[in-house]
2 protein chains.
Amino acid sequence: MKQTDTKTLILDVAQELIQRLGVNCMSYQDISNSVGIRKASIHTHFPRKDDLLAALLDRYSDRFLRMVDGILASSDTPEVKLRRYCGLFETTLSSGDRDKVCLCAMLGAELKTLNHPLVERVRCFYEANEERLVTLLNDGRADGSFRIDEDVQTTASLIFGLLEGGMLVARVRGGSDQFHQVIEQLMQFIKV
Amino acid sequence: MKQTDTKTLILDVAQELIQRLGVNCMSYQDISNSVGIRKASIHTHFPRKDDLLAALLDRYSDRFLRMVDGILASSDTPEVKLRRYCGLFETTLSSGDRDKVCLCAMLGAELKTLNHPLVERVRCFYEANEERLVTLLNDGRADGSFRIDEDVQTTASLIFGLLEGGMLVARVRGGSDQFHQVIEQLMQFIKV
DNA sequence: GTCTATAGCGCGATAGAC
DNA sequence: GTCTATCGCGCTATAGAC
């Protein structure tokens with residue numbers, strides 16, 4: 001049973017700050033205050049800010065996609081699987097101070113301020129999610145639970161865009177409650 | 001015939017910078033370089049940065065909602081009106097360097113870094129848009145062109161969330177082409 | 001690995017001449 | 001209204017002691 005090391009604590013705090021404020025309002029000083037370490041010491045673990053962001057994105061992407069794959073591998077029906085997938089985004093929005101969005105939603109919005117290696121990571125996260133959605137939608141179409149016309153990829157883009165982008169909008173209006181209803185209506189559109 | 005004054009030029013450049021990079025990467029120095037004026041002179045027109053942002057949001061909101069009201073007041077069918085409304089967002093994404101999003105989409109993402117008077121303006125923009133959408137959807141339901149179940153307000157939130165939030169996601173994947181297809185599929189969901 | 005100290009830069013904002 | 005000059009701050013990053 002290993003205790004949480006400093007590196008992990010730094011990543012935890014950085015992630016929370018970005019999810020709330022954005023990458024350009026997350027500073028080594030802010031992390032320093034929360035972790036209880038001097039800001040110069042952070043450079044021991046992550047020499048440059050891009051190193052920290054790359055490590056953070058890799059960790060986040062791994063964790064998130066592992067949860068998604070867990071859902072896909074379950075024995076649930078496609079409809080339940082899709083609901084559970086949407087639930088991942090709902091949980092992010094409603095957890096803690098209720099003002100956190102997906103890490104890659106914030107980074108996507110601030111994409112033009114990121115360096116190339118980070119841009120690629122965000123893009124990969126989006127693509128990986130849409131790939132999983134395509135699989136899920138095809139399964140649901142095969143067993144007759146979803147009514148999807150021709151272009152499954154576009155439907156996947158629609159769903160992901162609504163979840164990932166819509167949570168940024170939902171936060172402005174004040175809530176995960178409204179976000180939940182929107183997702184429910186999306187399900188009605190897709191269900192046969 | 002009045003020529004474009006400095007104040008307008010400053011707002012134009014500031015808007016472009018925010019739509020591309022976000023509010024926290026828009027500086028008086030950047031504006032200075034593009035407008036061809038020293039950065040100290042900008043304070044003559046907008047003493048504090050929040051003054052500039054407030055004026056910018058008011059101008060943007062007025063212009064955008066005037067276009068929306070123009071669409072609503074036209075003699076088009078509800079379906080055409082909705083397509084034209086979606087077109088406003090498509091145009092933003094495909095104009096210029098193809099990497100601009102709605103001003104209030106960026107500000108919504110960075111909401112937690114804004115001061116209260118600005119937060120209210122973003123919130124009002126969202127509400128005003130959803131109000132117009134509710135009207136449009138009710139019209140379409142009345143004349144039988146839209147098949148919407150019970151909760152028109154939720155459908156409006158869904159559409160606005162997909163347009164406003166989805167354009168942030170679409171920009172990452174590379175395009176207004178994909179965004180256009182997503183909107184087309186949304187129309188298929190809504191049409192009777 | 002953590003600390004103190006500091007370099008070097010960009011930022012928003014102000015003062016005062018023209 | 002625009003300019004030059006400057007202040008004070010926060011930022012990323014580095015150097016060197018412990």
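Chain A is the first sequence line, chain B the second, and so forth, proteins listed ahead of strands; every chain is numbered from 1.
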*Between B:R20 and B:E16, is there a salt bridge with N-O shorter than 4.0 Å?*
no
_Pair A:T77-A:V80, side-chain contact (heavy atoms from CB on, under 4.5 Å): steps then yes or no_ = CA-CA 5 Å; A:T77 64; A:V80 171; 3.3 Å; yes
*To the nearest Å, how far apart are B:L17 CG and C:dC11 C1'?*
15 Å
*Quick one: B:Q29 CD to C:dC11 P, roughly how many Å, whole number?*
6 Å
*Using heavy atoms and a sub-4.0 Å distance, could you list which residues of residues 34-41 of chain A are near DNA chain D? By number, please.*
A:K39, A:A40
*Would you please classify the geometry between the A:F89 ring and the A:F64 ring as parallel, tilted or perpendicular, with 30° and 60° separating the classes?*
perpendicular
_salt_bridge(B:K7, B:D12) N-O dist < 4.0 Å_ = no
*Please tell me if the side chains of A:S157 and B:Q181 come closer than 4.5 Å, counting only heavy atoms from C-beta onward.*
no
*Once you round it to whole Å, what is the distance between P of C:dG10 and OH of B:Y28?*
19 Å
*Just the endpoints, please: which first and last nucleotides of DNA chain D, 5' to 3', lie under 4.0 Å from a heavy atom of chain B?*
D:dT2 to D:dA5
_Regarding B:D99 and B:R171, does a basic nitrogen lie under 4.0 Å from an acidic carboxylate oxygen?_
no
*asked:* Heavy atoms only, 4.0 Å cut-off, all strands: where does A:T44 land among base, sugar-phosphate and nothing?
replied: base
*asked:* Are A:L158 and A:M187 connected into the same hydrophobic cluster when the rule is that any two of I, L, V, M, F, W, Y join if their side-chain heavy atoms are below 4.5 Å apart?
replied: yes
*Taking the six-membered ring for Trp, are B:Y60 and B:F125 parallel (under 30°), tilted (30 to 60°) or perpendicular (over 60°)?*
tilted
*For B:M26 and C:dG12, what is the distance between atoms CE and P respectively, to the nearest whole Å?*
8 Å
